[in-house]
> 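Structure below; questions to follow.
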Amino acid sequence: MTTKKFSRHTITTALPYANGPVHIGHLAGVYIPADIYVRYLRSIGEEVLFIGGSDEHGVPITIKAKNEQTTPQAIVDRYHHIIKESFKDLGISFDVYSRTTNPTHHETASEFFTTLNNQGKLIKKTTLQYYDEEAHQFLADRYITGTCPFCHNEKAYGDQCEACGTSLNATDLINPRSALSGNVPVQKETQHWYLPLDAYEPWLKEWILEGHKEDWKSNVYGQCKSWIEQGLHPRAVTRDLDWGVKVPLPEAKDKVLYVWFDAPIGYISATKEWAAANGQDWEKWWKAEDSHLVHFIGKDNIVFHCIIFPVMLKAEGSYILPENVPANEFLNLENDKISTSRNWAVWLHEYLETFINQQDVLRYTLTTIAPETKDSDFTWADFQSKNNNELLAIFGNFVNRTVVLTHKYYGGIIPEAGVLGGYEKEIVAKIAEFPRIIGESIEKYRFREALAELMNLARLGNKYLTDKEPWKKQKESPEEVKTILHLSLQICAALSVLCEPFLPFTSKKLQNMLQINVHEWNKGGDSMLLTAGQKIGEPAYLFEKIEDSVIEEQVQKLQATKKENELKEISAPEGKEDVSYDDFSKMDLRICTVLAAEKVAKTKKLLKLKVNTGIDTREIVSGIAEYYEPEALVGKQVLMLINLAAKEIKGIPSHGMVLMAEDSSGALVLVEPQQQVAAGSIVK
């Protein structure tokens, strides 16, 4: 932790955008690390306010509403509920989870803008922006599409090309089009208010480049350094849109605050809501010098939380600044970038519906692979391995063996320990060190490292129990067995305390089993948490084996998504030359029924089919043997061109052609009627 002593901790998490659910990338990058940190702070007796909320303004929400023919409010209402409940069910322990459509937020954001504007901290500029003459509105960046000048992706947005990841200005696009009407937009003058970031460059260099060189993560510091050294420019804080916080000026009636400006103010407005509901003073969390402000975010939000929002706070003048912004990199899924638009994600609400009471397995897995210094990858095979080979085989196995033996030998009564030998004294000394070791890693935002140390405590217990083999000594050395199980139970108790920030559901289950209620962090190093003679609860499995079939189902689900995406990405071949109606009318297209089918000898691709055309029964040769077994075709109805001139193929007279569609892999697929029709039905 910082060497400076603080009286309280204001911990924020990036506001998830309420146009879709939360996925595992969000969890690994932001919410699980933040929750671990907050739970730890609470356990060491610190005063903490853990703030979350939904970001509910911005153009993507209006686009989604337009596509679904509903209102932006309906979109954010739906996803705010899903996100909030999913976080709750995963055990993300927010003190407040708010939303930016709340009246308190609109008031707070408006007041913030007014303060900056009245102090002369904003500048007003007239610029040319794209305008859709048919839709009669200025176009936000996401409402403009065109060709990326770098990779030539024809579906790039006005703010970013999602194919190559390059940040763009709308004016960079080649052949720009309005997403509203499809027309070519024109450039038209509009007036906006700007935050002059360039005026704060000297201060940012001193505050970040000199002041946080040692304590901020290298990825965070490096991105900030790059931005500052490239030179900062004024950034618009308003935009022409009808969805958002209205700009509180009479001359700006058709404008709202830019979402990047109003969203971080959501942390402050959420604090106000919490304070009002709990009879607290909100200002001490944001304005008192002895308050510790930390932002948990992903790397795509570094600039907003390290440069832009601090400049806003500095310009306003009465707020504290973040002491740290421990941003993570990105999490990939099965060696591919997580993409909400491609549905390439593991959605939290779906996980919770499928893996009942296995919240901690996901928390554990995502913490072990958290992208703290570089991008990392989630695979279902690794998820299964983390559960079966670590949580179950190490942590769960140790606890289960200890509790089962205690019930078997002593009826669930904690035995009295005898004189501790050298091995036992060594164990006791090691237990005492774990709160410090794990705590130091958490305070340095090294959550992977902290969790690994927690598992070392479980390994310590497992090894001790295996080395001592109490099941072999019960008859000849009953007193020694009492000591072994007494100490093993104390390790279980220590685990129940120290695992709480990482595995809160497991901690509760284990403490219930041990019949204790201990949450003070340092007591996790106490080898006398349990009292001899105390009765413990019945043994219960902390973790369950995850079978191959469960994992295979999830893998197949992703494969189906990948296939669906491939089909969407297929670009149809260019059309052929037009034909006259007379030429087209010469083709006799009919639905025919396959009566028999067999492979053509000495060929890989050919099948001989006997078909009922409605006017006769005939044989044709078709090159579909690689895609269909003969017996699977019998009884099928197929689309045929029946007046194709007869031709001999491999010595077989073939009169007509079965028409097929080609999928993204080049495979041929039958074109069949949706319902049974009479053989010979004409296709018009």
Side-chain angles (χ1 to χ4, degrees), residues 1-4 6 9-15 29-30 51 109 112-113 115-125 159-160 167 169 192-238 257-268 285-329 373 444-445:
M1 260 171 124
T2 178
T3 55
K4 186 177 177 181
F6 293 100
H9 305 267
T10 307
I11 311 300
T12 75
T13 54
L15 307 184
V30 178
I51 303 166
F112 203 103
F113 173 89
T115 298
L116 294 186
N117 195 48
N118 290 345
Q119 291 176 353
K121 301 293 178 62
L122 302 176
I123 56 177
K124 192 161 54 172
K125 291 170 60 177
D159 59 349
Q160 184 181 28
S167 294
N169 292 314
H192 284 291
W193 285 256
Y194 288 73
L195 181 66
L197 296 177
D198 50 330
Y200 294 86
E201 270 190 38
W203 171 72
L204 287 168
K205 288 179 179 178
E206 179 183 353
W207 179 60
I208 298 177
L209 303 189
E210 296 177 22
H212 287 294
K213 187 174 184 178
E214 302 299 327
D215 61 330
W216 282 13
K217 292 172 67 173
S218 59
N219 60 321
V220 176
Y221 182 85
Q223 192 175 136
C224 291
K225 187 172 187 290
S226 175
W227 264 71
I228 293 169
E229 290 182 346
Q230 286 178 18
L232 301 176
H233 305 282
R235 192 177 184 97
V237 304
T238 61
L257 298 181
Y258 216 148
V259 68
W260 69 258
F261 181 86
D262 95 79
I265 297 172
Y267 304 140
I268 301 170
W285 298 95
W286 284 95
K287 298 189 176 185
E289 288 298 320
D290 58 348
S291 290
H292 180 221
L293 175 60
V294 179
H295 298 308
F296 280 86
I297 57 167
K299 71 176 178 182
D300 52 338
N301 267 318
I302 288 175
V303 170
F304 293 106
H305 287 75
C306 295
I307 294 177
I308 298 174
F309 188 42
V311 167
M312 290 165 56
L313 298 174
K314 178 72 172 176
E316 197 278 345
S318 66
Y319 287 86
I320 58 172
L321 300 170
E323 289 289 329
N324 215 314
V325 186
N328 278 350
E329 300 293 292
T373 56
K444 294 174 182 175
Y445 310 105

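These figures come from a predicted structure and were not determined experimentally. Residues: numbered from 1 along the sequence shown.
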> To the nearest 0.5 angstrom, please state how far the OG1 atom of Thr13 sits from the CG atom of Asn301.
11.0 Å

> For the residue pair Trp260 and Tyr258, categorise the inter-ring angle as parallel (less than 30°), tilted (30 to 60°) or perpendicular (more than 60°).
tilted

> Rounded to the nearest 0.5 Å, what's the gap from OG1 on Thr373 to CD on Glu329? Could you check?
7.5 Å

> Check the surroundings of atom CH2 in Trp286: do more than 12 heavy atoms from other residues, nucleotides or ligands lie under 6.0 Å from it?
yes

> Return the set of residues passing side-chain hydrogen bond (donor to acceptor under 3.5 Å, both in side chains) with Asp300 (not counting sequence neighbours), or none when no residue passes.
none

> Parallel, tilted or perpendicular: which describes the rings of Phe112 and Tyr319, with under 30° parallel and over 60° perpendicular?
tilted

> Going through the distances and angles, do Asn324 and Lys217 end up as a side chain to side chain donor-acceptor pair (under 3.5 Å)?
CA-CA 9 Å; Asn324 215 314; Lys217 292 172 67 173; over 6 Å; no

> Would you confirm whether Asn169, through its side chain, and Asp159, through its main-chain N or O, come within 3.5 Å as a donor-acceptor pair?
no

> A side-chain contact here means heavy atoms from C-beta on lying under 4.5 Å apart; do Lys121 and Tyr200 qualify?
yes

> Closest heavy-atom contact between Trp203 and Lys314?
NE1-CE, 3.4 Å

> Can you measure from NZ (Lys125) to NE2 (His192) and round to the nearest 0.5 angstrom?
11.5 Å

> Show the nearest heavy-atom pair for residues Asp262 and Ala109, with the distance to one decimal.
CB-CB, 4.3 Å

> Mind running side chain to side chain contact (heavy atoms under 4.5 Å, CB included) on Trp285 and Ile320 for me, showing each step along the way?
CA-CA 9 Å; Trp285 298 95; Ile320 58 172; over 6 Å; no

> Starting at CH2 of Trp193, measure out to OG1 of Thr238 and round the result to the nearest 0.5 Å.
6.0 Å

> Is the shortest side-chain heavy-atom distance between Cys306 and Trp216 below 4.5 Å?
yes

> Please report the closest heavy-atom contact between Ile228 and Lys205, naming both atoms and the distance.
CG2-CG, 3.6 Å

> Determine whether Phe296 and Asn328 make a side-chain contact, defined as any pair of heavy atoms from C-beta on separated by less than 4.5 Å.
no

> Looking at Lys225, I'd like to know if its NZ atom is crowded, meaning that more than 12 non-hydrogen atoms belonging to other residues, nucleotides or ligands lie closer than 6.0 Å.
no

> Cys224 and side chain to side chain contact (heavy atoms under 4.5 Å, CB included): which single residue from Val303, Ile208, Leu204, Asn219 fits?
Ile208

> Which pair of heavy atoms, one from Asp215 and one from Glu323, lies closest together, and at what distance?
OD2-O, 3.8 Å

> Kindly write out the residues that satisfy side-chain hydrogen bond (donor to acceptor under 3.5 Å, both in side chains) with Gln230, not counting sequence neighbours, or none if the list is empty.
Ser226

> Are any of the side-chain heavy atoms of Arg235 and Ile308 separated by less than 4.5 Å?
yes

> Going by side chain to side chain contact (heavy atoms under 4.5 Å, CB included), Met312 matches just one of Val237, Leu195, Ile307, Leu197. Which one?
Leu195

> Do you know which two heavy atoms are closest between Val325 and Val220, and how far apart they sit?
O-CG2, 3.3 Å

> Do Asn117 and Lys124 meet the criterion of a side-chain donor-acceptor pair at a distance under 3.5 Å?
no

> Could you tell me if His295 and His305 have a donor-acceptor pair between their side chains, going purely by distance under 3.5 Å?
no

> For Ser318 and Glu316, does a side-chain donor sit closer than 3.5 Å to a side-chain acceptor?
yes

> Distance from Glu201 atom CD to His233 atom NE2, nearest 0.5 Å?
8.0 Å

> Would you compute the distance between atom CD1 of Ile11 and atom CG of Leu293 and round it to the nearest 0.5 angstrom?
7.5 Å

> Would you indicate whether the side-chain heavy atoms of Ser291 and Phe6 approach each other to under 4.5 Å?
no

> Any side-chain heavy atom of Thr10 within less than 4.5 Å of one from Ile51?
yes

> Step through the shown structure and confirm whether more than 12 heavy atoms of other residues, nucleotides or ligands are within 6.0 Å of NZ on Lys213.
no

> Could you walk me through whether Leu209 and Tyr221 pass the side chain to side chain contact (heavy atoms under 4.5 Å, CB included) check?
CA-CA 7 Å; Leu209 303 189; Tyr221 182 85; 3.8 Å; yes

> Using every non-hydrogen atom in the two residues, find where Ala14 and Val30 come nearest and quote the distance to one decimal.
N-CG1, 3.9 Å

